[in-house]
Number of protein chains: 2
Amino acid sequence: MLKITRKVEYALIALRHMQSNKENGLTSAKEIASHYGIPQQLLAKTLQQMARDDIIEAVQGPAGGYRLIANLDLISLKDFFEQLEGPMGLMDCSFDSDCIQIGACNIRVPIQRINNNMRNMFSQMTLQEVTQ
Amino acid sequence: MLKITRKVEYALIALRHMQSNKENGLTSAKEIASHYGIPQQLLAKTLQQMARDDIIEAVQGPAGGYRLIANLDLISLKDFFEQLEGPMGLMDCSFDSDCIQIGACNIRVPIQRINNNMRNMFSQMTLQEVTQ
DNA sequence: GTAAATACGAGTAAAAAAGTCGTATTTATT
DNA sequence: AATAAATACGACTTTTTTACTCGTATTTAC
Ligand code: FES
Ligand code: FES
């Protein structure tokens with residue numbers, strides 16, 4: 001429990017790689033995948049998603065690839081996580097309100113508080129801190 | 001991602017229930033399960049685990065049940081989570097070191113830092129804060 | 001025209017979590 | 001002593017989530 005997904009892990013690895021590779025221009029999915037031993041297709045999808053989110057930019061065609069375009073200092077881990085994986089909540093009823101026992105539940109409020117603490121923590125960390 | 005398990009959720013519900021039920025002495029698994037609409041067997045196992053961990057005390061036989069014995073102010077959420085679910089880490093390689101790409105990995109150190117932040121946060125919250 | 005790259009939906013496989021079953025033990029009640 | 005209601009717990013099954021793969025289309029340098 002309390003784990004991040006591989007998708008997020010791969011995204012972070014890729015971002016850091018692209019950042020230290022900035023001067024060389026584009027980086028292909030294949031290059032990252034083979035360098036770190038991660039599945040290329042899965043990584044590609046993740047890169048595509050980050051491209052849709054304007055964190056990186058895609059260039060098609062042979063000799064294409066991806067390039068960092070966002071300022072990683074300005075993106076919080078909370079926003080990044082939620083862009084890739086949807087809303088962050090310790091339990092499903094943290095955001096999705098059709099919980100069966102929502103009537104009887106005796107820990108809804110305190111869990112909500114802990115949840116806010118966690119979101120807060122991730123709001124105060126930036127992508128830059130992970131990739132620097 | 002970043003979710004707690006039902007086991008932990010049920011444990012918290014049970015603890016809070018027992019706490020507000022303190023003067024009445026024992027509480028049975030059946031009572032809690034039916035009150036909150038959670039699976040009795042699963043809850044029972046969780047209660048048994050907490051009993052092994054000396055958070056609650058079990059009394060066997062008919063009219064048996066469980067009773068809070070620990071001081072919830074003194075148990076951090078981190079310790080509680082780890083007692084129920086094992087070591088807390090954002091990724092498996094946070095504690096288990098046989099990660100394949102541990103050689104090439106470029107985010108090990110920063111992830112470790114974030115992980116520490118998270119553990120820290122849960123170290124500073126007590127069970128009492130959830131059950132009060 | 002070809003080859004190497006991105007784009008993306010659909011489908012499959014693997015892993016983790018959630019829940020169930022069976023059986024043993026304890027003990028208050030009768 | 002028998003019964004019934006509770007805890008104890010390992011093994012198993014089901015469900016859900018995550019991880020991964022496949023097929024096909026598109027773009028574009030050469
Ligand atoms: S379990 Fe859904 S509100 Fe508490
Ligand atoms: S992925 Fe295992 S050390 Fe980074």
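Checked for salt-bridge contact, A/Arg119 and A/Glu82 meet the test: a charged N lies under 4.0 Å from a carboxylate O.
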What are the atom names and distances for every N/O pair under 3.5 Å that joins the protein to nucleotides 18-21 of chain D?
unit_1: D/dA19; atom_1: OP1; unit_2: A/Arg6; atom_2: N; d: 3.0
unit_1: D/dA19; atom_1: OP2; unit_2: A/Arg6; atom_2: N; d: 3.2
unit_1: D/dC20; atom_1: OP2; unit_2: A/Tyr10; atom_2: OH; d: 3.0
unit_1: D/dT21; atom_1: O4; unit_2: A/Lys45; atom_2: NZ; d: 3.3

Any N/O pairs under 3.5 Å between the protein and nucleotides 13-15 of chain D? List them or say none.
none

5' to 3', nucleotides 23-30 of chain C under a 4.0 Å protein heavy-atom cut-off (B base, S sugar-phosphate only, - none) gives ---BBB--
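Looking only at distances, no side-chain donor or acceptor of B/Arg16 sits under 3.5 Å from a matching main-chain atom of A/Ile107. For B/Arg113 (side chain) and A/Glu129 (main-chain N/O), a donor-acceptor pair under 3.5 Å exists by modelled atom type. Between the side chain of A/Lys78 and the backbone N or O of A/Asn120 there is no donor-acceptor pair closer than 3.5 Å.
Across all strands, B/Ala51 comes closer than 4.0 Å to no nucleic acid atom at all (heavy-atom distances).
In this structure, CG in A/Leu90 is found 8.5 Å from CE in A/Met1, a value given to the nearest 0.5 Å. Here the straight-line distance linking atom CD of A/Gln112 with atom CD1 of A/Ile114 works out to 10.0 Å at 0.5 Å rounding.
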Check the pair B/Leu77 / B/Thr126 against side chain to side chain contact (heavy atoms under 4.5 Å, CB included), numbers first and verdict last. CA-CA 5 Å; B/Leu77 279 187; B/Thr126 68; over 6 Å; no
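Residues A/Asn24 and A/Asn21 bring a donor and an acceptor atom of their side chains to less than 3.5 Å of each other. At a cut-off of 3.5 Å, with distance as the only test, a side-chain donor of A/Gln19 or A/Gln128 sits close to an acceptor on the other residue. A/Ser76 and A/Gln124 share no donor-acceptor pair across their side chains, judged by distance under 3.5 Å alone.
If you measure from atom CD1 of A/Ile56 to atom C1' of C/dT6, you get 11 Å, rounded to the nearest angstrom. In this entry the distance linking OH of A/Tyr66 with C1' of D/dT27 reads 12 Å, nearest Å. For the pair B/Glu31 CD and D/dT7 C1', the computed distance is 15 Å after rounding to whole Å. Across the protein-nucleic acid pair, B/Leu47 atom CG and D/dA5 atom P stand 20 Å apart, rounded to whole Å. Rounded to whole Å, the distance from CG on B/Leu26 to P on D/dA6 is 11 Å. Computed from coordinates, the A/Gln48 CD to C/dG9 C1' distance equals 11 Å when rounded to whole Å. For the pair A/Met91 CE and C/dA18 C1', the interatomic distance rounds to 15 Å; values are reported in whole Å. Distance A/Leu2 CG to C/dA17 P: 10 Å, rounded to the nearest Å.
Distances shown here put every side-chain N or O of B/Arg52 at or beyond 4.0 Å from the OP1 or OP2 atom of D/dA8.
A chain of hydrophobic side-chain contacts below 4.5 Å, direct or via other Ile, Leu, Val, Met, Phe, Trp or Tyr residues, connects A/Phe81 to B/Met121.
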